[in-house]
Visitor: 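My structure is below; once you've seen it, I'll send some questions.
Chain letters run A, B, ... following the sequence lines, proteins first, then strands; residues in each count from 1. Please read these numbers as outputs of a predicted model, since none were measured by experiment.
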Number of protein chains: 2
Amino acid sequence: MYNHRSTKQRRAILELFNRQEKHLAAEEVHQLVRFQLPKISLGTVYRNLEALSEQGDLQKTVFPDGKARFEGAKHEHHHHMVCLGCSNIVDISLCPVRPEMKDLLNAEEFEAVYHRFEVFGYCRDCREKKNRN
Amino acid sequence: MYNHRSTKQRRAILELFNRQEKHLAAEEVHQLVRFQLPKISLGTVYRNLEALSEQGDLQKTVFPDGKARFEGAKHEHHHHMVCLGCSNIVDISLCPVRPEMKDLLNAEEFEAVYHRFEVFGYCRDCREKKNRN
DNA sequence: ATCATTGCAAATCTTTTGCACACCA
DNA sequence: TGGTGTGCAAAAGATTTGCAATGAT
């Protein structure tokens with residue numbers, strides 16, 4: 001489908017993720033990359049986010065708000081801690097999966113390809129704000 | 001927000017989930033409940049799915065395709081096994097979270113409210129189909 | 001020169017919302 | 001009766017796509 005051709009748009013988007021370590025939604029990527037390429041279209045951003053994810057340069061995750069967010073794929077296997085207050089997303093390096101899970105999947109004859117784990121709650125800052133009220 | 005009023009539409013939707021144990025998207029619920037209430041609108045379905053989730057009668061999950069799906073909330077805490085072939089979703093009763101995860105969250109001073117875990121891969125049937133090709 | 005990629009706009013898909021009317025408590 | 005719920009249609013938000021022009025190899 002996508003044949004890794006290097007365009008200034010694609011490079012600019014990828015560089016953005018090399019500088020930022022945050023999770024970014026397509027619209028945010030568009031805003032940020034516009035500083036460098038004012039004429040880049042949102043459609044192009046979507047196509048490149050998809051292409052870069054396909055070739056493993058980005059990692060795409062769909063969150064409960066139904067919006068996809070992307071992050072640089074430089075990291076190891078990891079999971080997410082999502083703040084219900086400020087919507088900030090922090091990576092978790094510890095994978096919580098106990099070995100029994102493999103047995104269960106084997107028993108079901110389910111061939112696992114990947115998994116995801118996300119904890120939702122309140123980060124330190126939002127916790128304090130909550131308690132002040 | 002929603003004050004648990006009992007209408008025939010709301011009852012019909014809830015009954016649907018008592019008969020079916022599958023995960024259903026809003027559009028599917030609409031199609032199915034129409035057999036019983038032909039004039040029910042999609043908007044009403046959405047509003048009731050939301051209301052029923054709020055009051056704990058249904059459980060809503062947003063999947064990587066960006067679509068929300070619902071299931072009856074009769075079950076205990078559980079997770080999901082999602083087939084990449086047939087899109088079927090099966091519940092996993094085993095929660096994989098190791099105790100170390102709690103320590104990590106404490107260290108981060110993150111107050112966990114809930115978490116989710118999903119394994120994506122191929123169910124027995126789709127595995128066979130794959131291997132035949 | 002070829003074919004992927006772009007910009008733009010229109011289209012799609014899921015979900016939400018405004019409004020007048022209907023119906024539950 | 002009063003306020004929540006409904007149907008309908010329009011709106012909103014995220015993402016995809018058709019097309020002619022552009023640009024990378």
Side-chain angles (χ1 to χ4, degrees), chain A residues 1-17 22-71 82 87 89, chain B residues 1-17 22-71 82 87 89:
Chain A
M1 177 79 91
Y2 284 105
N3 238 355
H4 327 219
R5 193 173 276 188
S6 176
T7 64
K8 60 175 185 292
Q9 292 85 345
R10 192 161 299 176
R11 266 175 269 126
I13 291 174
L14 192 49
E15 279 163 26
L16 184 65
F17 283 98
K22 289 174 56 181
H23 285 71
L24 298 173
E27 183 58 53
E28 296 170 315
V29 172
H30 188 215
Q31 291 307 324
L32 289 170
V33 86
R34 263 180 180 220
F35 287 116
Q36 195 180 329
L37 299 174
K39 307 196 58 177
I40 192 173
S41 73
L42 183 56
T44 293
V45 170
Y46 271 104
R47 281 184 282 229
N48 279 312
L49 289 173
E50 205 55 41
L52 290 166
S53 298
E54 271 185 22
Q55 60 186 60
D57 291 327
L58 295 181
Q59 189 181 316
K60 175 181 183 177
T61 310
V62 175
F63 289 91
D65 63 358
K67 265 166 71 176
R69 289 184 182 72
F70 299 80
E71 67 182 321
V82 184
S87 299
I89 302 163
Chain B
M1 176 79 90
Y2 284 105
N3 238 356
H4 330 218
R5 191 174 278 187
S6 177
T7 64
K8 62 174 185 290
Q9 292 85 344
R10 191 161 300 177
R11 266 176 269 125
I13 291 174
L14 192 50
E15 279 163 25
L16 184 66
F17 282 99
K22 290 175 57 183
H23 286 71
L24 298 173
E27 183 58 52
E28 297 170 314
V29 173
H30 189 216
Q31 291 308 325
L32 289 172
V33 87
R34 263 181 181 220
F35 287 116
Q36 195 180 330
L37 299 174
K39 306 196 58 176
I40 192 172
S41 74
L42 183 55
T44 293
V45 170
Y46 271 103
R47 280 184 283 228
N48 279 311
L49 289 173
E50 204 55 42
L52 290 166
S53 299
E54 271 184 23
Q55 59 186 63
D57 291 328
L58 294 181
Q59 189 181 316
K60 175 182 183 177
T61 310
V62 175
F63 288 90
D65 64 358
K67 266 166 70 176
R69 289 183 182 73
F70 299 80
E71 66 181 322
V82 184
S87 299
I89 302 163

Visitor: For Lys67(B) and for Lys8(B), locate the closest nucleotide of DNA chain C by heavy-atom distance; then report the residue assigned to the nucleotide nearer the 5' terminus.
Guide: Lys67(B)
Visitor: Among Gln31(A), His30(A), Gln36(A), find the one that has a side-chain hydrogen bond (donor to acceptor under 3.5 Å, both in side chains) with Arg34(A).
Guide: His30(A)
Visitor: Please state how far atom CD in Glu50(B) lies from atom C1' in dT6(D), giving the value in whole angstrom units.
Guide: 17 Å
Visitor: Rounded to the Å, how far apart are Ile13(B) CD1 and dG7(D) C1'?
Guide: 13 Å
Visitor: Testing Glu50(A), Glu54(A), Glu71(A) for salt bridge (charged side-chain N to carboxylate O under 4.0 Å, His left out) with Lys60(A), which one passes?
Guide: Glu50(A)
Visitor: Looking at DNA chain D, which of residues 29-45 of chain B put a heavy atom within less than 4.0 Å of it?
Guide: Lys39(B), Ile40(B), Ser41(B), Thr44(B)
Visitor: Base of dG23(D), side chain of Arg10(A) - is there a donor-acceptor contact under 3.5 Å?
Guide: no
Visitor: Hey, is the side chain of Gln9(B) poking within less than 4.0 Å of OP1 or OP2 on dC23(C), counting only N and O atoms?
Guide: no
Visitor: Is the closest side-chain heavy-atom distance between Thr44(A) and Thr7(A) below 4.5 Å?
Guide: no
Visitor: Tell me whether the side-chain N/O atoms of Tyr46(B) come closer than 4.0 Å to OP1 or OP2 in dT16(C).
Guide: no
Visitor: In whole Å, I'd like the distance from the CG atom of Asn48(B) to the C1' atom of dC23(C).
Guide: 14 Å
Visitor: Asn48(B) versus Val29(B): any side-chain heavy-atom pair under 4.5 Å?
Guide: no
Visitor: Can you confirm whether Leu14(B) sits close enough to Leu58(B) that some side-chain heavy atom of one is under 4.5 Å from a side-chain heavy atom of the other?
Guide: yes
Visitor: With a non-hydrogen cut-off below 4.0 angstrom, is Glu27(A) in contact with a base, only sugar-phosphate, or nothing?
Guide: nothing
Visitor: Under 4.0 Å, counting only non-hydrogen atoms across every strand here, what does Ala25(B) touch: a base, just sugar-phosphate, or nothing?
Guide: nothing
Visitor: For Leu49(B) and dT6(D), give me the distance from atom CG to atom P, rounded to whole Å.
Guide: 11 Å
Visitor: In terms of side-chain heavy atoms of Arg47(B), which of dC8(D), dA25(C), dG7(C) is nearest?
Guide: dC8(D)
Visitor: Is Thr7(B) near enough to dT4(D) that one of its side-chain N or O atoms lies under 4.0 angstrom from OP1 or OP2?
Guide: no
Visitor: Between Phe17(B) and Leu49(B), is any pair of side-chain heavy atoms under 4.5 Å apart?
Guide: yes
Visitor: On DNA chain C, nearest-nucleotide positions of Ala26(B) versus Arg11(B): which is more 5'?
Guide: Ala26(B)
Visitor: Calculate the interatomic distance between Arg5(A) atom CZ and dA4(C) atom C1'; express it in whole Å.
Guide: 4 Å
Visitor: Would you say the side chain of Leu52(A) lies within less than 4.5 Å of the side chain of Phe70(A), judging by non-hydrogen atoms?
Guide: no
